[in-house]
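See below for the structure under consideration.
Keep in mind that the numbers below use all heavy atoms, side chains included, and drop hydrogens, waters and symmetry copies. Everything quoted here is computed from the prediction, not taken from an experiment. Residue numbers begin at 1 in each chain, while the letters A, B, ... track the order of the sequences.
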Amino acid sequence: MSALLQQVISGLSTGGIYANIALALVLIYQATGVVNFAQGEMAMFSTYLAWTMINAGWPYWLAFFTTMVIAFVGGVVIERVIIRPVENAPVLTIVMVTIGLLTIFNSVAGWIYTYTVKPFPSPFSSAPIKLGPVTVSMQEVGVAGVSVATLILMYFFFQHTKVGLAMRAVVENPTSSRLVGVKVSQMLALGWGLAALVGAVAGMMVAPLVFLEPNMMSGILIYAFASATLGGFNSPGGAVVGGLLMGVLENLVGTYITFIGTELKLTVALAVILLTLLVKPSGLFGRAAVTRV
Amino acid sequence: MVPLLEARNLEAYYGWSKVLHGLDLTVEKGKVTVVLGANGAGKTTLLRAISGLIRTTGEIRFDGVRIDGKAPEDIVRLGIAHVPEGRGTFPNLTVLENLRLGAYTRKDKQEVRRDLDRIYTYFPVLKQKSNSPAGLLSGGEQQMLAIARGLMLRPRLLMLDEPSLGLAPVVVADLFRIVRAINEDDGVTVLLVEQDAVGALEVSQYAYLLETGHIVSSGPADELRQNDSIRKSYLGY
Amino acid sequence: MLRKIVNLVLALVLTQFLAVSLGHAEEGVTATEIKIGNTAPYSGPASAYGTILRAAGAYFRKVNDEGGINGRKIVFISYDDGYSPPKTYEMTRKLVEQDHVLLDFGPLGTPCNSAIWKYMNDHKVPQLFVYTGASKWGDPKGHPWTMGWQPTYHAEGFIWARYILDNIPNAKIGILYQNDDYGKDYLSGVLDGLGNKARDLIVKQQTYEVTDATVDSQIVNLKNSGANVFINITTPKFAAMAIRKAYEIGWRPTQFLNFVSASISSVLKPAGLEASKGIISAVFLKDPSDPRWANDPATKEYIAFMRKYYPEGDPYDIFNVSGYSCAQTMVQVLKQCGNDLSRANVMRQAANLRNLQLPMLLPGIVINTSPTDYYPIEQMQLGRFDGQRYELFGPIYTAVSRGKQ
Amino acid sequence: MQLPASAKEIDTRTTGLRATRPAAASHARLWKLVGLILTLIVAYLLPLGLSNYQAFEFTQVFIYAIALLGLNILIGFNGQFSLGHGAFYALGAYTTAIMTTRWDIPYGWTIIVAGVLCLIAGFLFGLPALRFEGLYLALATFALALSTPQILKYFDNWTGGSQGIVLDKPSVPLGLPINADQYLYYLTLTVLLLLFLLAWNLLRGRVGRAMMAIRDNPIAAEAMGVNNALYKSLTFGVSAMYTGIAGSLGALAVAFVAPDTFNAFLSINFLVGSVVGGIASIIGALFGAAFIEFVPIYAQEISRAAPWAIFGVVLILFMYVMPTGVAGLLHRVLERLTRRPSKESSADNVVATSPAPADPGASSPARAASGKHE
Amino acid sequence: MAANDVILAIRDLTVRFSGIVALDGVEFDVERGKIVGLIGPNGAGKTTLFNCLSRLYTPERGQILFEGHSLLTFPRHKIAKLGISRTFQNLALFPTMTVLENVMLGAHSRTKTGFFRHALRLPPVAKEERFIRDVAMESITLLGLEHLADHLASGLPYGTLKRIEFARALAGAPKLLLLDEPAGGLNHEEVFQLASLIQQVRERLKLTILLVEHHMNMVMQISDKVVVLDFGRKIAEGRPSEVQRDPEVIRAYLGDRI
């Protein structure tokens, strides 16, 4: 029983990692209608910036907030400079540009910082906490907590602010948005900025757990993508729940389905997700788009 | 005669092909002006040209200020609301959110709330359904929503593109009544593009007739109603 | 007209054919240059290893600065293969056929080397000091043109097993290994070492994939299996995670860590020095972050080399030590070749290393090869991490490499 | 926040297949024919002037082109996504590897078996995949790609596990006066041409129209009597078959298969090639293949330190210059070259209404043609 | 009227979407060779009824009999083959294909060669392709779209797009044609032409037509019978002249303008 519990807890903490990045993916999808393949690498790169500052002796929180600002500005600049020329191109073309960004960030990070893993400090204590039979670390709880907090902020932003509403409108119908006075390209830039910011926070939360290295996000991004899909790509809450579920599911499959063991746990976890989606094609919490014939 | 909107030698392009050929057009302040024309004559293009959605040459002035070459989002801020053909609502946003977007450029929160109430009195059905996604409304309701959204801007010029399209006769009649009320009670100037010439000429004071990108005739609505070719092509009597 | 074209075509074909079949006597060597090729993962999942070959390349630059080898400068051409075997094959062909290198030095990764194994031996191009610890590279009969360098994974696993049998009487062993041939090679070494006791002693085996985000779940399972010995066959990042997670959930087994991840600076420090206490690893290189070597002249020279020739690399990364040492082995072979820089002679000399001492090898460990022994380094010593450094203990093991059995 | 209906994600402006305007049609056809014949002549004479290594490089290009064509048929012509074609590539490769090494079956037969197996596998995978659209289909297929290396390792009795399988390179038959690399070149080129011809046949008639109709507007397609489920699954099967044959040839060319070859990056690379070449185009597959083969190699020549940064920059610049791929650009150039002065473009047939006359917010298919933003 | 003259019989048709009743026990017959107008306010359920006929929706209750067979036993893609073609209210063309190709798809259900034969371009393929092209050109010519045959089906005026849909529906050689607001976007003169076209087509091709339209002049002029829906219920059925005078219909739909 305690083994099961410990697996679930450990799954939740890994799931928290997925959830953080999934949230950033969903955010940018909601704000720009594009799945940004470079999301993970942008987060990784921001985290390196934070690492550089901390290494230079800055206090953690100063580095944290400075990185957030840089990430936001960086996101805006990327949209303005790199995405804008293909703003009107087909979505797949934009996706290709994000793949290009992915390789650039990954490669440049490796070039500047090398591929040696680096520890990244956590704002939370890493001392283990005993909860009955299971042990968690404050760090893991913190990661999950931050993703929930980000989720709440995002929900508020999208549902209850004028700018959030405008951003949703832009994704749905850019022309009509312009006709009500929404500055579409500003919204897209803002969307990239926000997504980069959320990604940077996620990166700084995740790095203490998985260590900082240029490829730290490649695996996570895949899981995050699966999580976002499981939860529903148009549902931030779904992304978080999807991420946590993904983490737990993976652990339980690896632990209890013994003939599969850890060797096929990813495969089985993905299969379970696909089966779920077969029942509910727009994700657990996603809404199907409204269409009329 | 006070012109609110003036177009001089207006030409517009889709890609490389010219679709408006040197139009001159005036919309008088406080009046309803209608543009009639066959399918494909360039009526929709005209509205899109005015609101800055397509490339144009020539001159467009709104209240004396040149607006040609400006971006749509800036033109909206001057008080021109464009209700596009096919309504252009946001189907996955709620009715209320659609309406809030209509007032996106306004800063006067109090007034916006008051306008919302007033618009609900024009279109009570929108109030009932204010929390359902716009995409679930029927065609007529969506058209009302589109017009209501335009009104939320508290525009000085309201441009309606075929508002009667696909609507039941009884709804069309209602719609024209509302357009007239908006014009008379609120003093909103209206530029209307319509196929239903009978209803349109009834509510409007001035009319233009467009054929393949040229204005072929224009005049007070009453006069045009007497015009033989218009009667034959557009009114059917 | 038609006949002319046909003739022309045939002539072209024939010249091509001849060009191929005649071969080239002394590829990659001129009076002033020796061309050496390499493929390594500078991108992709295994890019952490790329630094090994960057360090090696830096060492070749140093050799060139000091006058080269018998007056010839080394031209080192290293391509990125992203750890993808077809890419390795392609880039290797480019090295051999386009760049005309003398030999392929230190191609990295078991699957990548497998992809070119046949090609290199068919074309009789030396595939020297391949950078993987799989035991299959020491096969002078079947593949005389291919030679490994480091102690085999199998050998290291074997040493652990022997140690456990001798020193931990009631061992219950839990193993975590990467689900690929690197992991499985280690595993087989452990199994062979334990012999018929393996079934009783091993209580749990867990695998992970390089794409996994964490190995938390596996560590929890290992703990729950009741194991008191933890054999950790993982690459640096996962090793650090595993050590830390085990510590966090209060699991305190005797830990064996593969030398791939034995680095103090890039594994044990990130995992936490406290959490790493007691870890046993088999070592053959001097870890520059070990205070013991702080005043060792060889280590000092190595650090000076890194600062000068590879400033962006981390001098304390054991991978760089490894690349440095491997390059030194290569240079030794080339020196031994003298002026006969034919491929055949390169292989002859590579199989004729006698008690070669490299500055960064642990004292007492030497390199030996012969026409029947294609395993250059076969000695290791166990060390226990005391929170600061590896306290070496016990004898220098000379492992029986599987290929020789 | 509507989800992208699959068709909407896809640029369909470039259908390399279709003759353009009636007046220009014959010109365009002539241009294309001349181009085709010249290309063929060059292609068959080329290896004589190439080194073995270069011949091998082109062999790789042809192999990729076959795989990309499979992807183009699926994405470009049928509007279904796949980030998982690496799995079919692996299936084809292992089919050949296992059959030739274990059972000594001549490699020629294994290419066919690989194609058939992948056709069946693709069809079977396509059946449940019908339920997915857009991103969700992308995930379903991506899951397939991610699982491939694991599954290959799991069944190590067959696949040799992570050690992989070493094959024999096909030897030159009938004593032809060419070497093994040149032979592989001709073999892959011939298979490529055959498969291109099949694709062209398939796409230009009733079946191709139905496939494209599903992409453009599935509901209308079904109302016209198209059996969407069957067509989509079959298209998936055909697409997988192409990629599987490519995998089979790939195994022969490299003479080695191992799980590390078939990672998720392979599938993403295929997608990159497909988009760069031009997604709704047969000939685009060749350009895309050349891109994914040569750009990474030349990127290394430019920068040893960060070659993939160079690759990324080239990819992005490429997309700026050719947002609809090479084929899209060619199509436009060809159109420009062959178009007569536009007499017929008088207002009454070119006057456009708004791009989406129907409710533009709903998943109006008209937006497919115009990309995401109007 | 003899029972075998009824080509389409709708019985107790009820459709519900998440609690909202879109159609509520609707019943009426369509006689062979007639034009039946289906009118009613927006949201009354007209398009929903069309969508039941194309099997896009499955009714909760009720029956649809086409030539005596229950339509509900057929999958969507079989409907065209049975002889029912339709146009769509909001247009459902294939925008990246030419007008000709769009219309050629209309004939899809009349042909049968599949993947295998097409890939190898076996003999029946060429014959079928010729047949499809001829059928399509015929129906394009009928609607006066010849000059646009090779134009892409996007970027054309709304009314023209509606005509293309009409042509595409005709290429399926239907017995029953469902027209959903064919006159949308047309001016009076064009509506007049469309009305006569519909009548001609009916005569020439021996069609039965079910017509949803808000253009009352046209509906009243060409319909043999008019069915009026309101809130998913049938409120009137009869000859145009009768229906026009029905006070319930005037209140709910026509208003006092006509």
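Each of A/Ile17, A/Ile220, A/Leu209 has some count of heavy-atom pairs under 4.5 Å with chain C, and the biggest count is that of A/Leu209. In terms of non-hydrogen atom pairs under 4.5 Å with chain C, the most contact-rich of A/Tyr18, A/Tyr223, A/Tyr115, A/Tyr113 is A/Tyr115.
Counting heavy atoms from C-beta outward, C/Glu312 and A/Ile112 have side chains that stay 4.5 Å or more apart. Residues A/Ser13 and C/Asp216 have side chains in contact (heavy-atom distance under 4.5 Å, counting atoms from C-beta outward).
Interface remark: C/Asp317 contributes side-chain atoms only to the contact with chain A (heavy atom separation under 4.5 Å). Heavy-atom distances place the side chain of A/Thr114, and not its backbone, under 4.5 Å from chain C. When heavy atoms are compared at a cutoff of 4.5 Å, C/Lys269 does not approach chain A at all. Both the backbone and the side chain of C/Ser47 come within contact range of chain A, judged by heavy atoms closer than 4.5 Å. With a threshold of 4.5 angstrom between heavy atoms, C/Tyr177 approaches chain A through side-chain atoms but not through N, CA, C or O. Proximity to chain C is limited to the backbone of A/Pro208, based on heavy atoms less than 4.5 angstrom apart. In this structure, chain C has no heavy atom under 4.5 Å from any part of A/Thr103.
For C/Lys277, the salt bridge (charged side-chain N to carboxylate O under 4.0 Å, His left out) partners at least two apart in sequence or on another chain are C/Glu274. Evaluation of the salt bridge (charged side-chain N to carboxylate O under 4.0 Å, His left out) rule for C/Asp290 yields C/Arg292 as partners, not counting sequence neighbours.
Distance check: A/Glu213 CD to C/Ser266 OG gives 11.5 Å after rounding to the nearest 0.5 Å. A distance of 8.5 Å separates OG of C/Ser43 from CG of A/Asn215, quoted to the nearest 0.5 Å.
For the residue pair C/Asn221 / A/Gln7, a side-chain donor-acceptor distance below 3.5 Å is found, with atom types taken as modelled.
For residues 50-62 of chain C, the pairs satisfying salt bridge (charged side-chain N to carboxylate O under 4.0 Å, His left out) are C/Lys62-C/Glu66, C/Lys62-C/Glu301, with sequence neighbours left out.
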**Request:** Give the C-alpha distance, both sets of side-chain angles, the deciding distance and a yes or no for side-chain contact (heavy atoms from CB on, under 4.5 Å) between A/Ser10 and C/Lys245.
**Result:** CA-CA 10 Å; A/Ser10 141; C/Lys245 182 70 185 179; 4.3 Å; yes

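Scanning residues 233-241 of chain C against chain A with a 4.5 Å heavy-atom cutoff picks out C/Lys237, C/Ala240, C/Met241, ordered by number.
The environment of CH2 in C/Trp293 is crowded: more than 12 heavy-atom neighbours from other residues, nucleotides or ligands sit within 6.0 Å.
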